[in-house]
Amino acid sequence: MDGIPDLAAVGSLQLLILQGDGTGSFAVVHTYPLPGDGAGIVTADFNHDNRLDVAVSEINGDPTVVFLGNGDGSFTAGAQVQAPDAQGLAAPDLNGDGNLDLAVPTYSSGSVMIALGRGNGNFRRGHVIEFARHTAPIAAAVGDFNADGRQDMVMANYTGGGASVLLNLPR
């Protein structure tokens, strides 16, 4: 809470929190173990406490792990979301309930798994959106791509170098 940007990064089997000194230099101040090798990372306020939290996706069948921010640069391990072969993450509010959800691209299954946020740092399994198996989604980004007020997603596909756009349409 010193007003100087910090960094969160994944290393070999760990989440690294690096504190900025305001000159462009960073020092590792906290490390947190991960069940597997980290693949993607996203920061957001998953539990509505006005503190940034961190979610880390992991490859090889290990769960996506959410770390809840304590407001002082440290984190407490929180929920785990099962998503096989997870890659990059995005944190949109896909169902419009005011709680951030997790969009987890899964490389080997050619799908994106949606974990619906409960607003307290925990998630429940939502939908799995299947793509053609050969697409191999590896990264996700969100935005309102068709200007309808709802968060849409785009998945970068490893195979073929393309992208898949998913529009969040009304039910």
Side-chain angles (χ1 to χ4, degrees), residues 5-11 15-18 20 34 36-48 50-69 75 78-119 121-171:
D6 301 321
L7 294 174
V10 290
L15 168 66
L16 306 166
I17 304 300
L18 298 94
L34 296 172
D37 289 325
I41 188 168
V42 66
T43 59
D45 183 5
F46 294 114
N47 59 352
H48 299 286
N50 295 315
R51 299 174 183 158
L52 280 179
D53 307 313
V54 178
V56 179
S57 64
E58 302 180 59
I59 56 176
N60 300 324
D62 293 307
T64 294
V65 181
V66 177
F67 294 89
L68 301 176
F75 292 82
Q80 294 190 1
V81 176
Q82 293 298 325
D85 203 13
Q87 298 292 314
L89 292 171
D93 177 9
L94 292 173
N95 58 356
D97 65 356
N99 299 320
L100 292 177
D101 308 313
L102 284 174
V104 186
T106 54
Y107 176 85
S108 60
S109 67
S111 64
V112 60
M113 194 273 295
I114 307 300
L116 298 172
R118 298 180 185 268
N122 291 309
F123 297 83
R124 65 182 171 84
R125 188 175 176 97
H127 308 283
V128 174
I129 302 166
E130 301 286 337
F131 300 104
R133 192 176 257 326
H134 67 276
T135 57
I138 58 169
V142 296
D144 184 3
F145 303 131
N146 60 351
D148 65 356
R150 288 185 293 278
Q151 292 290 296
D152 306 309
M153 291 185 296
V154 62
M155 299 292 148
N157 300 323
Y158 180 77
T159 305
S164 301
V165 177
L166 304 170
L167 297 178
N168 191 350
L169 301 175
R171 293 180 183 223

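Because the structure is predicted, anything quoted here is derived from the model rather than measured.
- Remark: N146 CG to L167 CG distance equals 5.0 Å, nearest 0.5 Å.
- Sparse packing is recorded around OH of Y158, with 12 or fewer heavy atoms of other residues, nucleotides or ligands lying under 6.0 Å away.
- In this structure, the side chains of L102 and F46 come closer than 4.5 Å at one or more pairs of heavy atoms.
- The shortest heavy-atom contact between V154 and A163 is CG2-CB, 3.9 Å.
- Within the 4.5 Å cutoff, the side chain of E58 has heavy atoms near those of the L34 side chain.
- Counting heavy atoms from C-beta on, the side chains of V112 and V104 never come closer than 4.5 Å.
- Interatomic distance, S57 OG to M113 CE, rounded to the nearest 0.5 Å: 10.5 Å.
- D101 approaches G117 most closely through the heavy-atom pair OD1-N, 2.8 Å.
- Residue L52 comes nearest to F75 through the heavy atom pair O-CE2, 3.3 Å, listed as atom of the first residue, atom of the second, then distance.
- Using modelled atom types, no side-chain atom of D37 and backbone atom of I59 make a donor-acceptor pair closer than 3.5 Å.
- The closest donor-acceptor contact from the side chain of S164 to the backbone of M155 lies at 3.5 Å or more, if one exists at all.
- Side-chain atoms of D144 come within 3.5 Å of backbone N or O of G149 as a donor-acceptor pair.
- Using a 4.5 Å heavy-atom threshold, the side chains of L89 and T64 count as touching.
- Closest approach of A115 and V81 over heavy atoms only: CB-CG1, 3.8 Å.
- R124 places no side-chain N or O within 3.5 Å of a backbone atom of L116 that could act as its donor or acceptor partner.
- The distance from the CG atom of L169 to the CG atom of D148 is 7.5 Å, given to the nearest 0.5 Å.
- Contact detail for V142 and F145: the closest heavy-atom pair is C-CZ, 4.0 Å.
- The backbone N or O of T159 lies less than 3.5 Å from no partner atom in the side chain of N157, so there is not a single donor-acceptor pair.
- D45 places a side-chain N or O within donor-acceptor distance of the main-chain N or O of N50, the cut-off being under 3.5 Å.
- Side chain of Q151 to main chain of P92: no donor-acceptor pair is present (N/O by atom type, distance under 3.5 Å, no hydrogens or angles).
- Side chain of D93 to main chain of L100: no donor-acceptor pair is present (N/O by atom type, distance under 3.5 Å, no hydrogens or angles).
- Checked by atom type and distance alone, the side chain of D53 pairs as donor or acceptor with a backbone atom of G69 at under 3.5 Å.
- In this structure, the side chain of T106 does not engage the main chain of A86 through any donor-acceptor pair within 3.5 Å.
- In this structure, the side chains of I114 and V128 stay at 4.5 Å or more apart for every pair of heavy atoms.
- Atoms CE and CG, on M153 and L166 in that order, are 4.5 Å from each other to the nearest 0.5 Å.
- Considering every non-hydrogen atom in both A8 and V54, the closest pair reads CB-CG2, 4.3 Å.
- F123 has its side chain out of reach of N99: every pair of non-hydrogen atoms, C-beta onward, lies at least 4.5 Å apart.
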